[in-house]
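As structure tokens, the structure follows; a few thoughts come after it.
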Amino acid sequence: MADVKLHPDWLARIGGEFDQPYMAQLRAFLGEQRAKGKTIFPRPRDWFAALDATPPQDVRVVILGQDPYHGPGQAHGLCFSVQPGVRTPPSLVNIYKEMASDLGIPPARHGYLKHWAEQGVLLLNNVLTVESGQAASHQGKGWEKFTDAAVAAVAADPAPKVFILWGSHAQRKAANVPGLGADGPHLILRAPHPSPLSAHNGFFGSRPFSQANAFLEAHGRGAIDWRLPDPVDPPAA
């Protein structure tokens, strides 16, 4: 994984994970897949984009996804986000609908969420790679242990944060992380996943954005500006 980028402050906290046996097995698996001609999303330089965009000391909100989008040109390392110029996926459309209801912010004309990441919203998938056209194809290969370590490092920092857990997958991932118990310093917001299959079961009306900002402001950490300006990054080639 020498061709990827990871923020040095993350390396200081979880860099030891790269020396673990599971990571060697993950490297071998990814190398085999690429040697077989399999297309893997996102591109290698974006595998750690969520961590690179949001250094650990800057994290104020954590949103956990499952695995990257598996369509061409979509994934770029931030969960729920797509490259500039790519059609907004259905789950993100529903996130925008809830944000409009909650905060009165009109839906963005794009699905590029880097503006959130730059403000301290860690947009971390549980699994950081996927085979083209094969959802969940890289689950159980080792990424989960790495992202567990990242979530645990964030939770261990006592500065109050908001963990937004949409769907059972994210909720299970966070359930056993030290520091995310009811008596911890962080706010835990749980709701169904924003997928069209489940959003009407309690995601709509959950008001995560206003709750997150109220908590952050009450603890002196400042509100997130959830509005999304048009991206200045050029669309991916």
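What you see is a predicted model; the values in this text were computed from it and never measured.
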Nearest heavy atoms of [X] and [Y], plus distance in Å:
| X | Y | answer |
| --- | --- | --- |
| A191 | G202 | CB-O, 4.4 Å |
| N94 | P194 | ND2-O, 2.8 Å |
| G222 | R60 | O-NH1, 2.6 Å |
| D67 | S137 | OD2-N, 4.4 Å |
| L78 | A53 | CD2-CB, 4.5 Å |

Could you see if [X] belongs to whatever hydrophobic cluster contains [Y]? Use Ile, Leu, Val, Met, Phe, Trp, Tyr and a side-chain cutoff under 4.5 Å.
| X | Y | result |
| --- | --- | --- |
| L187 | L216 | yes |
| L123 | F146 | no |
| V127 | L51 | yes |
| L92 | L228 | yes |
| V93 | Y69 | no |

Electrostatic pair D46:R43 at N-O distance under 4.0 angstrom: yes
Judged by modelled atom types alone, do [X] and [Y] share a side-chain donor-acceptor pair under 3.5 Å?
| X | Y | value |
| --- | --- | --- |
| Q57 | D9 | yes |
| T129 | W47 | no |
| S132 | H70 | no |

K38 NZ: over 12 foreign heavy atoms closer than 6.0 Å: yes
Steps toward side-chain contact (heavy atoms from CB on, under 4.5 Å) verdict (L30, K141): CA-CA 9 Å; L30 292 170; K141 303 300 183 182; over 6 Å; no
Evaluate the side-chain proximity of [Y] to [X]: yes if any heavy-atom separation is below 4.5 Å, no if none is.
| X | Y | answer |
| --- | --- | --- |
| I40 | H138 | yes |
| F203 | E98 | yes |
| I224 | V61 | yes |
| D148 | V177 | no |

Pair F163-V151, side-chain contact (heavy atoms from CB on, under 4.5 Å): steps then yes or no: CA-CA 10 Å; F163 287 76; V151 174; 4.2 Å; yes
Stepwise side-chain contact (heavy atoms from CB on, under 4.5 Å) check, R190 with I188: CA-CA 6 Å; R190 298 177 177 85; I188 315 299; 3.5 Å; yes
Of all pairs that satisfy ring pair (Phe, Tyr, Trp, His ring centres under 6.0 Å), the ones with a partner from residues 80-99, not counting sequence neighbours: F80-W166, F80-H193
Proximity of H186 and F215 rings by center, below 6.0 Å: no
Ring-ring centroid check Y112 H76, cutoff 6.0 Å: yes
Distance (rounded to the nearest 0.5 Å) between T54 OG1 and E118 CD: 8.5 Å
All pairs passing side chain to side chain donor-acceptor pair (under 3.5 Å) where residues 218-231 contributes a residue, at least two apart: R109-D230, N213-W226, D225-R227
For E144, all residues meeting side chain to side chain donor-acceptor pair (under 3.5 Å), sequence neighbours excluded: none
